[in-house]
Amino acid sequence: MVSLSEIYTSNALITSSLPPRLVSVFVGGTSGIGESTLKAFVSYAVQPKVYIVGRNNASAERIIGECRFLGPEGHVGEAEVIFLQADLSSMKTVEGVLTPEGLHAFLATAYYDRILIIHLLAPLLLSATDSHPGLARVVSVACGCDEGIIEPSDFSALRIPSNALRGHIGTLTTLTLEALATNIGPDNSVTFIHANPGLVRTPYQDRMTGAFGVFARGLMWVKKITGEAIGIEESGERQVERPTLHLYLLTSARYPPGGVPIKGEALSAIGTNGLHANEGSKAGAVYSVDKNGEPAGEHVVSLLTRYREEGMVDRLWVWLKGEYYRVGVVLS
């Protein structure tokens with residue numbers, strides 16, 4: 001596992017190793033992990049342009065104000081931070097029109113809208129690799145390395161029991177990222193990372209209602225006391241001792257192509273570990289990483305390999321395009 005000191009060292013090199021005026025989009029960036037990672041990014045990047053997509057205008061204004069006091073030495077307050085207000089519980093909102101769609105409530109934001117946003121941003125990601133090769137990344141913070149059995153007759157998870165939902169969504173996400181990596185072009189240099197935040201206390205738990213909300217908040221309180229869960233400030237830069245550093249995922253050459261060069265010999269680049277693309281090729285790499293930033297293990301790789309060999313990536317993509325079409329969104 002990469003050490004905390006190595007992560008801090010890598011982050012400190014963002015200022016000198018990466019070009020100025022990087023552009024980042026943080027979806028759901030008005031609170032929680034998105035907010036803390038955004039601030040960490042602004043603290044190290046030189047004159048970045050940052051888009052925040054979220055619902056809460058007051059929170060966005062607060063973050064924009066705080067970013068005026070952040071930045072590397074000599075560049076404090078030079079970040080351009082722009083807020084785009086949207087209710088991402090609806091796919092049509094992504095294109096500017098809000099309509100109810102009758103989707104699985106959790107999958108609406110955890111899966112459908114994330115994938116649609118990535119798809120719509122794909123042309124810009126490809127342009128980024130043309131201007132600065134190898135420096136275009138997508139990090140989806142969900143349930144990397146928790147991939148499990150999926151039910152092809154119920155991709156939409158309307159009948160999936162709650163104890164199987166995480167594994168189902170994990171596999172949907174990773175295989176769909178593979179589909180995106182393939183469909184945006186064979187020569188792309190975009191890196192796709194399916195990350196796992198571990199146990200992080202965020203405002204999302206405060207908004208949960210009913211018995212499940214009470215359970216989630218109680219569980220996080222216990223885990224915080226025992227040290228198994230950590231706060232959102234720690235999660236942006238490093239979720240201490242265990243979970244992944246999201247800024248590190250966004251910028252380190254440990255997840256090639258591109259990124260802040262790895263210093264020393266102790267840490268080598270992680271390959272795709274059986275997922276889409278081959279290390280060293282120009283094809284977009286897909287990584288599934290756990291709360292420590294380590295790649296998927298043998299069990300997950302074997303499971304995904306089996307689904308891939310069964311044609312599940314193409315099958316999933318056809319189904320997803322149909323779901324988008326059903327609610328009035330046409331994928332090119």
Side-chain angles (χ1 to χ4, degrees), residues 11 14-15 18-72 75-98 108-125 127-128 135-142 190-193 195 197 200-207 231-237 239 244-251:
N11 283 350
I14 291 173
T15 304
L18 299 184
R21 293 177 290 279
L22 293 172
V23 179
S24 292
V25 178
F26 288 85
V27 179
T30 56
S31 65
I33 294 171
E35 176 187 346
S36 59
T37 307
L38 183 159
K39 291 177 181 176
F41 176 73
V42 169
S43 296
Y44 291 104
V46 176
Q47 299 177 334
K49 187 172 187 177
V50 179
Y51 292 92
I52 309 173
V53 183
R55 292 178 296 182
N56 194 319
N57 184 71
S59 292
E61 290 300 320
R62 172 182 57 78
I63 294 168
I64 291 171
E66 291 172 356
C67 285
R68 296 191 181 103
F69 300 95
L70 298 177
H75 298 281
V76 174
E78 293 183 1
E80 180 182 3
V81 186
I82 301 166
F83 176 55
L84 302 176
Q85 190 169 27
D87 177 4
L88 295 175
S89 63
S90 167
M91 285 193 285
K92 287 297 290 184
T93 301
V94 177
E95 294 192 330
V97 181
L98 179 59
T109 52
Y111 176 70
Y112 291 109
D113 283 341
R114 292 189 188 202
I115 298 302
L116 181 57
I117 289 169
I118 296 169
H119 175 78
L120 294 174
L121 288 175
L124 297 177
L125 289 168
S127 296
L135 200 62
R137 291 194 179 176
V138 174
V139 177
S140 180
V141 181
V190 180
T191 301
F192 296 86
I193 300 176
V200 183
R201 183 74 168 91
T202 76
Y204 180 73
Q205 285 99 29
D206 297 329
R207 295 194 296 268
I232 57 175
E233 293 81 9
E234 296 167 300
S235 76
E237 236 191 289
Q239 296 154 11
T244 294
L245 160 69
H246 297 101
L247 180 61
Y248 185 72
L249 293 178
L250 283 170
T251 58

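Just so it is clear, the model here is predicted, and its values are computed rather than measured.
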Contacts of His119 that satisfy side-chain hydrogen bond (donor to acceptor under 3.5 Å, both in side chains) - sequence neighbours left out: none

Set of residues satisfying salt bridge (charged side-chain N to carboxylate O under 4.0 Å, His left out) with respect to Arg62, sequence neighbours excluded: Glu35, Glu66

Ser36 versus Ile33, closest heavy-atom pair with distance: OG-O, 3.0 Å

Residue list, side-chain hydrogen bond (donor to acceptor under 3.5 Å, both in side chains) with Arg68, at least two apart or on another chain: none

Separation of Ser59 OG from Ile52 CD1 (nearest 0.5 Å): 9.5 Å

Closest heavy-atom pair and its distance - Pro72, Ala45: CD-O, 3.3 Å

Flag side-chain contact, heavy atom, 4.5 Å: Thr251 against Tyr44: no

Within-4.5 Å side-chain heavy-atom neighbours: Thr30 and Phe83: yes

Least distance between heavy atoms, Gly29 atom then Leu38 atom: O-CD1, 4.4 Å

side-chain contact (heavy atoms from CB on, under 4.5 Å) partners for Ala110, two or more places apart: Phe106

Interatomic spacing from CG in Leu125 to CD1 in Ile118 - rounded to 0.5 Å: 8.5 Å

Ile14 side chain near Leu247 side chain, heavy-atom distance below 4.5 Å: yes

Partners meeting side-chain contact (heavy atoms from CB on, under 4.5 Å) with Ile82 (sequence neighbours left out): Lys49, Tyr51, Glu80, Leu84

Donor-acceptor contact present, side-chain Gln85 to main-chain Arg55, <3.5 Å: yes

Minimum-distance pair of heavy atoms, taken over all atoms of Leu250 and Thr37: CD1-CG2, 4.0 Å

Minimal non-hydrogen separation, Pro197 against Ala142, with atom names: CD-O, 3.2 Å

Considering all heavy atoms, the nearest Pro123-Leu120 contact: CD-O, 3.4 Å

Exam field: side chain Arg137 to backbone Ile193, donor-acceptor pair closer than 3.5 Å: no

Set of side-chain contact (heavy atoms from CB on, under 4.5 Å) partners for Val76, sequence neighbours left out: none

Residues that Ser24 engages under side-chain hydrogen bond (donor to acceptor under 3.5 Å, both in side chains), provided they are two or more places apart: none

Under the side-chain contact (heavy atoms from CB on, under 4.5 Å) test, residues paired with Leu70 that sit two or more places apart: Lys39, Val42, Ser43, Cys67

Residues forming a side-chain hydrogen bond (donor to acceptor under 3.5 Å, both in side chains) with Glu61, sequence neighbours excluded: none

